[in-house]
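So you know, we letter chains A, B, ... as the sequences are listed, proteins then strands, and number each from 1.
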Amino acid sequence: MFITELIQEAAVTSLSALFQQPFTAKDFQVNQTKPEFEGDYTIVLFSLLKKTSRAPEALGKELGDDMIRRHPELFSSYNIIKGFLNFSISDQYWMTLLQHNYNDVCFGKHPMNGKKVMVEYSSPNTNKPLHLGHLRNNFLGWSVAEILKANGYEVLKSCIVNDRGIHICKSMIAWQLFGNGETPQSTGMKGDHFVGKYYVRFNDEYKQQVKELVDHSIPQAEAEKQAPIMIATQEMLQDWEAGNPEVMDLWRTMNGWVYEGFDITYKTIGSDFDKTYYESNTYLLGKDIVQTGLDKGVFFRKEDGSVWIDLTPDGLDEKLVLRKDGTSVYITQDIGLAQQKYEEYKIDQSIYVIGDEQNYHMKVLKLIAKKMGVPYADDIHHLSYGMVELPTGKMKSREGTVVDADDIVQEMENEAKAKTEELGKVGDFDPAELASLYHTIGLGALKFFLLRVDPKKRMVFNPEESIDFHGFTGPFIQFNYARIKSILRKNELENVIHLPLDFLPAEKELIISLEKYPAVIRQACDELNPSAIAIYIFNIAKAFSSFYSGHSIANAESAEKKQLRLQIAVMTANVLKSGMQMLGIDMPERM
RNA sequence: GAUCCCGUAGCUCAGCUGGAUAGAGCAUCAGCCUUCUAAGCUGAGGGCCAUUGGUUCGAAUCCAAUCGGGGUCACCA
């Protein structure tokens, strides 16, 4: 149980006994005491004054006395300042906490709860390489999956690959027209970049053709439709849907190139999936459900044969769910896939990591599920995240302002290498160890940078300033971990039980912070928010760093103090490693 | 036009289920390596929490309006 819960419980018991009426934890707040006041945790009394008809001081005294009387092992003293009842928690409580948990690498994690949840993330298109926005998505998805596991869920990671549609045909057409049979192998290019090159080529060519048509005084809108390369692309899409062998063959080949490239990137960044869905397999799903919905009267058919749902009573619009030619649209497929996931895996929750530009779409999906009365409607969660922008504005592939995923990872590793060589602390590492260290630090910096911000907020990535290994960064935390590991290599930890010892304020502060870890894991799960972990872990690292510079562990005042500090160091290292693991960030033993 | 999100230090972000004097990092300035890893530590400066009004004992936090920025409202995915 968390300390705040213990305090709440104790206060509820005392209040109910003192005033002969029921109280709950919601009647008052328990906060950590501000550093400028004496005490560890504070009960705010204002909200209780009316119900108890007491003045703050009187209430504080009655409550404080009663709580101490009932729990002498927990509370050592209290003071009242204005409406704030400040308790000092007994050293014995903190000491017991430390003794029981310092060497438990699972500290903070919660037991299995028997629930199964699927996290869908990444969702790439197979016409171009991954960029920085995809990295935010991948890191979020991975991290949320880890956070759910730590909270006792069984987690399945899934990926829906957008492998069909007009955008795929664009790179196919361009390759047919201009490729001269070249391949990733023949050019030495990574497959996804190779295909992406032709996607860009398409857009260049298309722009050129439209311009020429406009120059021959054809209106812009008309020119966009008439451009020969666009017409060819649309024909190809029809051929694809008709199953034309030649087109299918090209499609398989080019997608294969992209997958080879993606595999490399996923391996590099540490993303993986338990189940991969391909839109080419799922795009027809959902049509049966639409029929069921029609029978139920949830959907309606318009004169031209298209099928719609009227969401105006819910403040939204009418939404198309089936085209007049009977083919499915984006939402149709999602309705089907949601059903399939539920049936296939018996999941209790389905989390979709998708950008916030699809908030409306996901709202509609959930609403449709609700109206259809499916059992999983309430268990669909959209983890909506904001765009990653550059200081100059949005990233646009057409304008070449996209930060490529492979490039930025490489750049971070290069920076890690340069910095490591400059510091010269690992001169004895062999080349493989060095490469691994650069990867750990560079990727750690990137992951931490993208995960430390609240997912739902847009964020700015400045290529010049963002590659920073100082301050609120992954490498800072890794550094503190390595520093603790260095101490532990040089100092023996003996499993001795300590007599009551006085804590220094800095020692107690660290233990109090460490105690919050289980609550932070819970909160990160409730909010589906890895940044809660990132911020917490940084604060732990900072507290340790500050402690480290003020107090020697190896040369502590006494042998017992040394053991106490070693235990605190071990627990700090465990929490740092465990927390960073939930962000998908490895910790080096040395750096 | 409808609807949703955002606006906190020069910059990037915390804090938002209302509580004590609004916090970090970067950048700037001043100190600190003969002692456990200085990717570090200590300190200084830097704020009308977009604006106005409301609710409350108490508002950065809740409500409303306004102003600024962005998303969405496709028989695209």
Side-chain angles (χ1 to χ4, degrees), chain A residues 26 29 31 33-34 36-37 42 44-47 49-50 56 81-84 86 123 125 162 164-168 279 283 302 304-308 315-325 327-331 333-334 355-361 363-364 384 386-387 389 391 393-394 416 419-420 422-423 425-426 441 445 449 452-454 456-462 465-466 468-480 482-491 531-532 534-535 538-539 542 545-556 562 565-566 569 590-591:
Chain A
K26 289 194 170 127
Q29 278 180 49
N31 299 334
T33 305
K34 298 257 171 195
E36 55 269 33
F37 300 101
T42 295
V44 185
L45 299 170
F46 295 108
S47 56
L49 301 182
K50 215 172 256 177
I81 295 170
K82 292 197 271 179
F84 301 93
N86 304 320
S123 321
N125 289 347
N162 300 307
R164 57 151 230 127
I166 191 91
H167 52 291
I168 311 295
E279 198 193 307
Y283 81 108
K302 286 196 178 175
D304 64 0
S306 58
V307 180
W308 298 72
L316 305 180
D317 303 296
E318 287 188 349
K319 186 85 187 170
L320 177 89
V321 295
L322 214 56
R323 292 194 189 96
K324 64 182 171 209
D325 61 7
T327 56
S328 50
V329 290
Y330 182 34
I331 193 93
Q333 164 205 254
D334 265 349
D356 61 8
E357 72 274 9
Q358 295 202 40
N359 285 354
Y360 183 82
H361 172 79
K363 206 170 165 184
V364 169
S384 163
M387 211 173 294
E389 292 175 6
K394 267 188 262 180
K419 188 73 188 170
T420 303
E422 184 190 319
L423 293 172
K425 289 187 280 196
V426 287
I441 296 173
F449 180 83
R452 59 176 229 200
V453 180
D454 187 333
K456 63 177 178 288
K457 294 202 171 173
R458 283 184 292 156
M459 63 183 294
V460 175
F461 179 86
N462 186 334
E465 293 172 11
S466 296
D468 190 356
F469 296 160
H470 301 275
F472 187 16
T473 65
F476 170 80
I477 296 162
Q478 292 171 323
F479 165 73
N480 276 286
R483 194 154 61 170
I484 293 173
K485 285 295 173 173
S486 169
I487 294 168
L488 295 176
R489 278 191 296 271
K490 292 174 185 165
N491 295 279
S531 79
I535 291 163
F538 170 66
N539 284 328
K542 205 159 76 86
S545 194
S546 176
F547 178 82
Y548 172 90
S549 50
H551 309 276
S552 175
I553 293 170
N555 300 312
K562 177 172 173 179
R565 288 181 190 170
L566 281 171
R590 288 178 55 194
M591 69 184 277

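Among the nucleotides B:C26, B:U37, B:A24, the one closest to any side-chain atom of A:Lys542 is B:A24. You'll find that the side chain of A:Glu36 is closest to B:A20, out of B:G25, B:A38, B:A20. Counting only heavy atoms from C-beta on, A:Gln29 has its side chain closest to B:G19 among B:G19, B:A77, B:G40. Closest contact between the side chain of A:Lys394 and the listed nucleotides B:G70, B:C26, B:A77 involves B:G70. Comparing B:A77, B:C26, B:A39 by their closest approach to the side chain of A:Phe469 singles out B:A39. In this structure, of B:G71, B:U37, B:C13, it is B:G71 that holds the atom nearest to the side chain of A:Glu357. Ranking B:A77, B:G19, B:C75 by closeness to the A:Tyr330 side chain, first place goes to B:A77. Set against B:C26, B:G19, B:C75, the side chain of A:Asp468 has B:C26 as its closest nucleotide. Checking B:A39, B:C73, B:A77 against every side-chain atom of A:Tyr360, the shortest atom distance belongs to B:C73. Here the nucleotide nearest the side chain of A:Lys457, chosen from B:C16, B:A20, B:G25, is B:C16.
A:Asp317 comes within contact range of the sugar-phosphate backbone alone, with a heavy-atom separation under 4.0 Å but no base atom that close. At the heavy-atom level, A:Val453 lies under 4.0 Å from the strands shown only through sugar-phosphate atoms. At a threshold of 4.0 angstrom between heavy atoms, the contacts of A:Ser546 are confined to the sugar-phosphate backbone, with no base atom among them. Across all strands shown, A:Asn31 has no heavy atoms under 4.0 Å from either base or sugar-phosphate atoms. Residue contacts shown for A:Lys490 are limited to sugar-phosphate atoms, with no base heavy atom under 4.0 Å away. Using a 4.0 Å heavy-atom cutoff across all strands shown, A:Ile484 reaches no nucleic acid atom at all.
Contact annotation: A:Lys34 side-chain N/O to B:A20 OP1/OP2 distance is under 4.0 Å. OP1 or OP2 of B:U37 has at least one side-chain nitrogen or oxygen of A:Ser486 nearer than 4.0 Å.
Proximity of A:Met591 to A:Thr420: side-chain heavy atoms (C-beta onward) are nowhere separated by under 4.5 Å. When side chains are defined from C-beta on, A:Arg323 counts as touching A:Val329, because their heavy atoms get closer than 4.5 Å. Side-chain contact between A:His470 and A:Lys419 is present, with at least one heavy-atom pair separated by less than 4.5 Å.
A:Thr420 contributes a side-chain N or O that forms a donor-acceptor pair with the base of B:A39 under 3.5 Å.
B:A64: Watson-Crick or G-U partner is B:U52, with both key distances under 3.5 Å. Summarising the base pairing, B:U3 is matched to B:G71 through a Watson-Crick or G-U wobble pair whose two defining distances lie under 3.5 Å. Nucleotide B:C33: unpaired (no Watson-Crick or G-U wobble partner with both distances less than 3.5 Å). Nucleotide B:C76 is matched to nothing when pairs are restricted to Watson-Crick or G-U wobble geometry with both distances under 3.5 angstrom. The partner of B:G46 cannot be assigned: no Watson-Crick or G-U wobble pair with both contacts below 3.5 Å exists in any strand.
If you check the side chains of A:His167 and A:Asn162, you find no donor sitting under 3.5 Å from an acceptor. A side-chain donor from one of A:Ser384 and A:Asn359 sits under 3.5 Å from a side-chain acceptor of the other.
Residue A:Phe472 and nucleotide B:A24 are not classified as a stacked aromatic pair, given the requirement of ring centres less than 5.5 Å apart at an interplanar angle below 30°. Here A:Phe479 does not lie in a stacked arrangement on the base of B:G40, lacking the combination of planes under 30° and ring centres under 5.5 Å apart. Remark: ring of A:Phe46 does not overlap the six-membered base ring of B:G58 in a stacked fashion, as centroids less than 5.5 Å apart with planes less than 30° apart are not both met.
Taking atom C1' on both nucleotides, B:C26 is separated from B:A65 by 37 Å, rounded to a whole Å. Comparing B:G58 with B:G45, their C1' atoms are spaced 31 Å from each other, to the whole Å. To the nearest whole angstrom, the two C1' atoms, one in B:A2 and one in B:C48, are 34 Å apart. Comparing the same atom, P, in B:G68 and in B:A59 gives a spacing of 28 Å after rounding to whole Å. As rounded to the nearest Å, B:A77 and B:U72 have C1' atoms that lie 15 Å from one another. The gap from the C1' atom of B:C63 to that of B:C16 amounts to 14 Å, rounded to the nearest Å.
Regarding the sugar-base torsion, B:C5 falls in the anti class, its angle being beyond 90° of 0.
A centroid separation of less than 6.0 Å is found between the aromatic rings of A:Phe449 and A:Phe461.
In this structure, A:Phe538 and A:Phe472 have tilted ring planes: the angle between them lies in the 30° to 60° band.
The distance from atom CG of A:Asn480 to atom C1' of B:C36 is 13 Å, rounded to the nearest whole Å.
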